[in-house]
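Inspection log for the structure reproduced underneath, given as structure tokens.
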Protein chains: 2
Amino acid sequence: MASIKDVAAEAGVSVATVSRVLNDHPSVSAEARARVLAAVEALGYRPNAVARSLRTDQTHTLGLVISDVMNPYFTELARSVEEEARALGYSVIIGNADERPDLQDHHVRNLLDRRIDGLLVSPTDGGSPLMLDAARAGTPMVFVDRWIPGVDVPVVRADGRGAVRDLVAHLHGLGHRRLAIIAGPAATTTGRERVEAFREALGAHGLELPDAYIGQGDFQAESGRRVTEGFLDLPEPPEVVFAADNLMALGALDAVRARGLRVPDDLALAAFDDIRWFVHTDPPVTAIAQPTGELGRAAVRALVDRIEGRAGESVTLPARLVVRRSCGEPPASPEPSPVTNRSQS
Amino acid sequence: MASIKDVAAEAGVSVATVSRVLNDHPSVSAEARARVLAAVEALGYRPNAVARSLRTDQTHTLGLVISDVMNPYFTELARSVEEEARALGYSVIIGNADERPDLQDHHVRNLLDRRIDGLLVSPTDGGSPLMLDAARAGTPMVFVDRWIPGVDVPVVRADGRGAVRDLVAHLHGLGHRRLAIIAGPAATTTGRERVEAFREALGAHGLELPDAYIGQGDFQAESGRRVTEGFLDLPEPPEVVFAADNLMALGALDAVRARGLRVPDDLALAAFDDIRWFVHTDPPVTAIAQPTGELGRAAVRALVDRIEGRAGESVTLPARLVVRRSCGEPPASPEPSPVTNRSQS
DNA sequence: CACGTCGATGTAATCGATTCCACGAGGATC
DNA sequence: GATCCTCGTGGAATCGATTACATCGACGTG
């Protein structure tokens with residue numbers, strides 16, 4: 001592959017001049033510029049990003065470590081992150097932690113070794129020494145969706161409290177009184193917060209959240225299935241389960257189906273995170289929708305701000321309830337199909 | 001961030017010795033090794049992958065350019081690719097082409113500029129000059145899922161012919177005679193092949209595939225919706241539509257639902273690509289399942305073989321039909337829920 | 001005892017870019 | 001006509017690693 005030296009030789013100038021042309025530095029004669037450009041064209045030259053990064057100490061790359069690529073919520077997040085980053089002149093390297101702290105550390109280390117300019121993380125746990133060190137060492141960093149308390153890093157996330165209140169009011173209005181939750185890992189903020197928001201909202205209606213109605217999941221489908229089976233085996237099973245993410249809701253559907261039961265007649269279901277398939281499941285699933293695309297874009301903007309020496313503030317956006325039929329009684333009017341929402345959201 | 005010089009100074013040795021310890025070169029005394037390791041520990045030193053890559057001309061990185069991250073099929077592919085690559089000591093940088101040739105080129109160029117060791121591509125089109133040049137220039141490359149004819153690059157893919165024949169036999173057995181297809185872009189191999197396989201299978205039953213029953217989609221949901229609406233507006237609408245991927249099947253569901261019609265009574269539906277949500281849609285969707293995880297792993301193995309100077313052959317694996325209820329008449333026994341299949345597939 | 005071998009180590013070249021500094025030519029200013 | 005800029009350019013240092021080559025001491029052998 002041709003290097004800058006080859007171009008310089010071909011154009012009959014020095015490498016310095018070639019470099020100036022490529023970075024359009026002002027003081028290059030029109031003639032030299034033309035010769036260099038011709039040589040670049042002739043040789044099919046492309047600058048070596050590795051060498052450039054070594055010299056400039058910038059990679060124009062962001063690292064994104066997400067909890068689980070197979071989760072459509074994170075997939076959409078990743079997509080919007082890449083889109084916004086590209087618009088701002090950055091590339092993105094994605095690391096998939098699969099909800100495993102060891103894998104998360106692997107990817108953080110790998111990204112740091114590659115000298116990415118900044119790191120976007122949705123932490124799987126309470127924060128490994130590695131990540132805390134990186135934050136303290138001044139690596140530009142932003143948390144997205146989940147965060148680690150006590151670390152001085154901006155957080156971009158959705159606030160689900162209002163939507164959870166709306167959900168509980170909806171459920172209460174439908175006559176449900178025994179409400180259970182499939183929680184996420186207590187080591188994650190979203191794992192804890194969603195339970196707390198749910199408990200609080202129940203309290204506002206004079207309802208309790210007994211321990212038996214808190215199932216410990218891990219944001220993966222299999223745990224949703226296991227927890228739901230536990231609920232169904234209870235002497236007094238809940239009337240509703242609220243899954244703290246969409247994959248655990250999928251697991252819950254599996255469990256209900258495996259017993260030959262029906263949603264919502266035998267057990268109602270609601271989920272945190274709205275995904276397109278929920279419109280077409282049997283029955284369509286009532287869910288709390290996050291402004292996923294907005295979150296991804298805001299996170300990138302905050303991170304790039306930090307990288308380029310500007311402020312880079314935390315952002316919190318509201319989530320909202322989308323009522324469908326999985327908790328009983330269909331909504332007033334059928335919702336318009338979301339197929340075309342793709343690039344908007 | 002500490003560099004190798006700092007470590008050398010701290011340990012009281014030369015940078016060469018530090019490098020030898022780090023790459024465990026044999027001729028280093030136990031004492032020097034211990035001192036270097038202590039210094040590395042003390043400084044929290046991590047080698048700069050950028051500098052290393054520049055010198056060794058290897059990045060230990062694979063590029064993966066996929067057609068659409070939001071498509072669960074490609075998400076799963078990406079996941080298995082990353083997994084296998086990690087097992088072989090490589091990282092993966094994913095580029096999402098979103099079915100757009102210009103974006104695909106953007107990512108290929110970006111990956112090439114970063115001097116990735118090899119490229120895994122699922123081409124969105126018939127092959128841009130850029131990609132053809134890269135292949136010709138000897139960049140280690142493997143096509144996965146889709147490929148470009150006439151280019152000397154190994155292909156790892158699933159063969160759907162057998163499964164499509166099974167599907168058509170199934171449909172014919174249910175009494176369906178007017179069968180339509182939502183095709184993918186003719187510029188892609190999978191777009192063309194699936195139509196051909198379908199036409200062939202129909203022929204075996206003495207059925208034709210009239211032009212009116214071939215809808216031109218682009219592998220995205222919106223096109224599935226549009227094409228399905230066209231079918232429904234026909235004087236003689238088809239009894240079944242076969243969507244060439246899962247997103248267009250989603251769009252078809254949207255279209256049917258928007259008209260207040262029912263699957264399979266008013267229109268039966270089948271899809272290429274099986275995804276977990278198809279078990280829980282209303283009704284569960286009959287689909288052709290690819291061995292996605294295997295494809296991803298085989299593709300990585302082939303690519304790494306090429307990179308490391310071994311052969312790296314093409315691989316074709318069979319797809320299989322999974323019958324559910326979206327074409328009529330439930331299957332004999334309810335299929336076991338696939339929740340636990342995650343790490344197997 | 002001299003010499004060859006081997007193991008451990010350091011010096012310096014190198015990868016491909018960017019960028020500071022020096023230099024020469026040409027033009028403006030007094 | 002001397003001085004001083006300005007502009008275009010090239011030389012060379014630099015980023016942080018790897019590695020060929022040189023060196024040096026210790027040791028084995030004839």
Side-chain angles (χ1 to χ4, degrees), chain A residues 1-40 43-61 89 91 109-117 137, chain B residues 1-40 43-61 89 109-117:
Chain A
M1 187 149 269
S3 83
I4 196 171
K5 272 193 207 137
D6 304 317
V7 177
E10 172 86 11
V13 298
S14 72
V15 293
T17 299
V18 176
S19 177
R20 287 193 193 96
V21 171
L22 265 31
N23 297 284
D24 42 39
H25 184 97
S27 72
V28 180
S29 69
E31 199 230 329
R33 156 165 289 113
R35 290 232 307 281
V36 167
L37 260 18
V40 164
L43 298 173
Y45 169 75
R46 299 243 76 215
N48 183 327
V50 174
R52 185 190 296 235
S53 292
L54 177 61
R55 185 58 236 256
T56 61
D57 202 30
Q58 295 182 22
T59 50
H60 277 276
T61 304
S91 306
R109 204 184 325 269
N110 182 19
L111 292 166
L112 256 24
D113 285 355
R114 288 167 183 273
R115 302 299 193 266
I116 44 138
D117 294 341
Chain B
M1 186 148 271
S3 83
I4 196 170
K5 272 194 206 136
D6 304 316
V7 176
E10 171 86 10
V13 297
S14 73
V15 293
T17 300
V18 176
S19 178
R20 287 194 192 97
V21 171
L22 264 31
N23 297 284
D24 42 39
H25 185 96
S27 74
V28 179
S29 68
E31 197 230 328
R33 157 165 289 114
R35 290 233 305 281
V36 168
L37 259 20
V40 164
L43 298 173
Y45 169 75
R46 297 241 79 215
N48 183 326
V50 175
R52 188 193 294 242
S53 291
L54 177 60
R55 184 58 234 254
T56 61
D57 201 30
Q58 295 182 23
T59 50
H60 277 276
T61 304
R109 204 183 325 269
N110 181 20
L111 292 166
L112 257 23
D113 285 354
R114 287 165 184 273
R115 302 299 193 265
I116 44 138
D117 293 342

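Per chain, numbering begins at 1; letters A, B, ... match sequence-line order.
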For a quick check, with a 4.0 angstrom heavy-atom cut-off, what is the B/S/- contact string for nucleotides 13-20 of chain C, read 5' to 3'? BBBBBBBB
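- Looking at every heavy atom in both residues, Val15(A) comes nearest to Ile4(A) through O-CD1, 3.8 Å.
- Where the helix from dC1(C)-dG30(D) to dC30(C)-dG1(D) starts and where it ends, the local axes point in directions that differ by 60°; five pairs per end, rounded to 10°.
- Using a 4.5 Å heavy-atom threshold, the side chains of Leu112(B) and Arg46(A) count as separate.
- If you measure from atom CD of Glu31(B) to atom P of dT9(C), you get 8 Å, rounded to the nearest angstrom.
- In terms of phosphate contacts, Ser29(A) brings a side-chain nitrogen or oxygen within less than 4.0 Å of OP1 or OP2 of dT9(D).
- Using modelled atom types and a 3.5 Å distance limit, the side chains of Thr61(A) and Arg114(B) yield a donor-acceptor pair.
- Taking the side chain as every heavy atom from C-beta outward, Val40(A) and Leu22(A) approach each other to under 4.5 Å.
- Looking at Lys5(B) and Val18(B), their side chains never come closer than 4.5 Å, going by heavy atoms from C-beta outward.
- Ser27(A) comes within 4.0 angstrom of a base, heavy atoms only.
- Rounding to the nearest 0.5 Å places CE of Met1(A) at 8.0 Å from CG of Asp113(B).
- Interatomic distance, Ile116(A) CD1 to Asn110(A) CG, rounded to the nearest 0.5 Å: 9.5 Å.
- Screening residues 48-58 of chain A for side-chain hydrogen bond (donor to acceptor under 3.5 Å, both in side chains), with sequence neighbours left out, gives Gln58(A)-His60(A).
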